[in-house]
Student: 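I'd like to ask you about the structure that follows.
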Amino acid sequence: MGFFKANKTHSVTSQDTDSTPPIPADEQHLAPQRDWTPAEEKAAKRKLDLVIMPLLTMGFFCLQLDRGNMANAITDNFIEDIGITQNRFNIGQQMLSLGIVLFEIPSNMILYRVGPGKWLTLQLFLFGIVSTFQSFQTNYAGFITTRLLLGITESGFIPGGLWTLSTWYTRKETAKRVMFFYFGNQFGQASAKLLAYG
């Protein structure tokens with residue numbers, strides 16, 4: 001017992017975590033300098049909340065509509081319409097996952113090179129086109145092809161959206177924005193059923 005009393009661990013306080021060591025004189029020019037006011041930062045964050053957050057959330061909403069439309073189509077004679085079996089339908093669904101798994105990392109590498117403004121916009125456009133052409137599929141080959149292409153074009157949107165949020169907001173601010181971002185997913189799941197019904 002004496003050993004444990006003598007070797008008590010030091011409790012970390014807010015003073016320990018908030019204090020930073022002084023910067024040496026020869027490294028002062030390397031220290032980040034803030035050249036904006038808190039009011040300007042608040043205005044910029046408000047603009048981001050009104051521009052970037054709705055775009056990312058709506059993109060996630062559209063993505064979820066694309067991914068979930070097959071669950072609704074199967075209840076409306078989809079299998080009979082294109083002449084496939086349940087097993088072939090399941091294979092087609094797995095092609096979506098295959099496209100995502102194979103191209104998610106390359107997609108994020110392109111995102112890093114090109115930037116989210118261009119790459120995420122292109123992804124939204126491409127998976128919107130592929131999703132539209134799903135309505136023209138009439139056989140198993142078309143079903144497999146569109147599901148694979150949909151997985152490829154959607155592969156990097158979610159991690160790209162999260163990366164974009166992490167570059168514009170601080171760690172404390174990001175959690176709330178990620179919640180709103182994923183609200184697009186939940187809203188898409190709920191809306192897909194209503195759109196399929198009527």
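Computed from a prediction, not measured in an experiment: that's the story for all the values here.
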Student: Could you verify whether a donor N or O on one side chain and an acceptor N or O on the other, from T153 and Q123, lie under 3.5 Å apart?
Tutor: no
Student: Would you mind listing the cluster partners of L50? Hydrophobic ones only (ILVMFWY), side-chain contacts under 4.5 Å, chaining allowed.
Tutor: none
Student: Roughly how far, to the nearest 0.5 Å, is CZ of F157 from CD of Q64?
Tutor: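 Reported to 0.5 Å precision, the distance equals 12.0 Å.
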Student: Below 30° counts as parallel, above 60° as perpendicular, anything between as tilted: where do the rings of F60 and F181 land?
Tutor: tilted
Student: What's the verdict on side chain to side chain contact (heavy atoms under 4.5 Å, CB included) for F183 and V178, showing C-alpha distance, side-chain angles and the deciding distance?
Tutor: CA-CA 8 Å; F183 178 73; V178 168; over 6 Å; no
Student: Return the CG to CG distance between L124 and L63, rounded to the nearest 0.5 Å.
Tutor: 8.0 Å
Student: Mind jotting down which residue pairs meet the salt bridge (charged side-chain N to carboxylate O under 4.0 Å, His left out) criterion with at least one end in residues 49-63? Sequence neighbours excluded, please.
Tutor: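 Salt bridge (charged side-chain N to carboxylate O under 4.0 Å, His left out) check on residues 49-63 returns D49-R177.
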Student: Begin with the C-alpha distance, continue with both residues' side-chain angles, and end with the deciding distance and a verdict on side chain to side chain donor-acceptor pair (under 3.5 Å) for S107 and W119.
Tutor: CA-CA 9 Å; S107 176; W119 184 240; 3.0 Å; yes
Student: So, taking the atom named CD1 in I158 and the one named CG in N108, what distance separates them when rounded to the nearest 0.5 Å?
Tutor: 11.0 Å
Student: When rounded to the nearest 0.5 angstrom, what is the spacing between CG in L165 and CE in M53?
Tutor: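 Atom-to-atom, L165:CG and M53:CE are 5.5 Å apart.
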Student: Give a yes or no on whether the backbone of T170 and the side-chain of E173 come within a donor-acceptor separation of less than 3.5 Å.
Tutor: yes
Student: Where the side chain of N139 meets the backbone of G142, is there a donor-acceptor pair that is under 3.5 Å apart?
Tutor: yes
Student: Among side-chain atoms of N90 and Q94, is any donor-acceptor pair under 3.5 angstrom?
Tutor: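 No, no side-chain donor-acceptor contact under 3.5 Å.
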Student: Write out all pairs satisfying salt bridge (charged side-chain N to carboxylate O under 4.0 Å, His left out) with one or both partners inside residues 97-121, taking only residues at least two apart or from two chains.
Tutor: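 Sorted result for residues 97-121: empty, none.
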Student: Check the pair T85 / I79 against side chain to side chain contact (heavy atoms under 4.5 Å, CB included), numbers first and verdict last.
Tutor: CA-CA 7 Å; T85 63; I79 290 178; 5.8 Å; no
Student: Could you state the interatomic distance from CG (L56) to CD1 (I52), rounded to the nearest 0.5 Å?
Tutor: 7.0 Å
Student: So L149 and V130, side chain to side chain contact (heavy atoms under 4.5 Å, CB included) or not? Walk me through it.
Tutor: CA-CA 7 Å; L149 287 174; V130 174; 4.0 Å; yes
Student: Can you list the steps and then say if T37 with K42 is a side chain to side chain contact (heavy atoms under 4.5 Å, CB included)?
Tutor: CA-CA 9 Å; T37 65; K42 187 175 180 180; over 6 Å; no
Student: Decide whether V101 and L150 are clustered together by the hydrophobic rule: side chain heavy atoms of Ile, Leu, Val, Met, Phe, Trp, Tyr closer than 4.5 Å, transitively.
Tutor: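 Hydrophobic grouping puts V101 apart from L150.
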Student: Does any part of the side chain of L111, heavy atoms only, come nearer than 4.5 Å to the side chain of W163, both counted from C-beta?
Tutor: yes
Student: Would you say the side chain of F89 lies within less than 4.5 Å of the side chain of I82, judging by non-hydrogen atoms?
Tutor: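 Contact flag for I82/F89 side chains = no.
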Student: Other members of the hydrophobic cluster containing M109, with the 4.5 Å side-chain heavy-atom rule, please.
Tutor: I105
Student: Which pairs count as salt bridge (charged side-chain N to carboxylate O under 4.0 Å, His left out) when at least one residue sits in residues 151-162, sequence neighbours excluded?
Tutor: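 Pairs touching residues 151-162 that pass the test: R67-E154.
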Student: Please round to the nearest 0.5 Å and tell me the distance separating atom OG1 of T145 and atom CZ of R147.
Tutor: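 Going from OG1 on T145 over to CZ on R147, the span is 12.0 Å.
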Student: Which residue pairs pass the salt bridge (charged side-chain N to carboxylate O under 4.0 Å, His left out) test when at least one of the two sits in residues 82-92, sequence neighbours left out?
Tutor: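 Counting only pairs at least two positions apart or across chains, no salt bridge (charged side-chain N to carboxylate O under 4.0 Å, His left out) contact touches residues 82-92.
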Student: Should V114 and F127 be regarded as members of a common hydrophobic cluster, given that ILVMFWY residues are connected when their side-chain heavy atoms come within less than 4.5 Å of each other, either directly or indirectly?
Tutor: yes
Student: Take the angle between the ring planes of Y140 and F143 and call it parallel below 30°, perpendicular above 60°, tilted in between.
Tutor: tilted
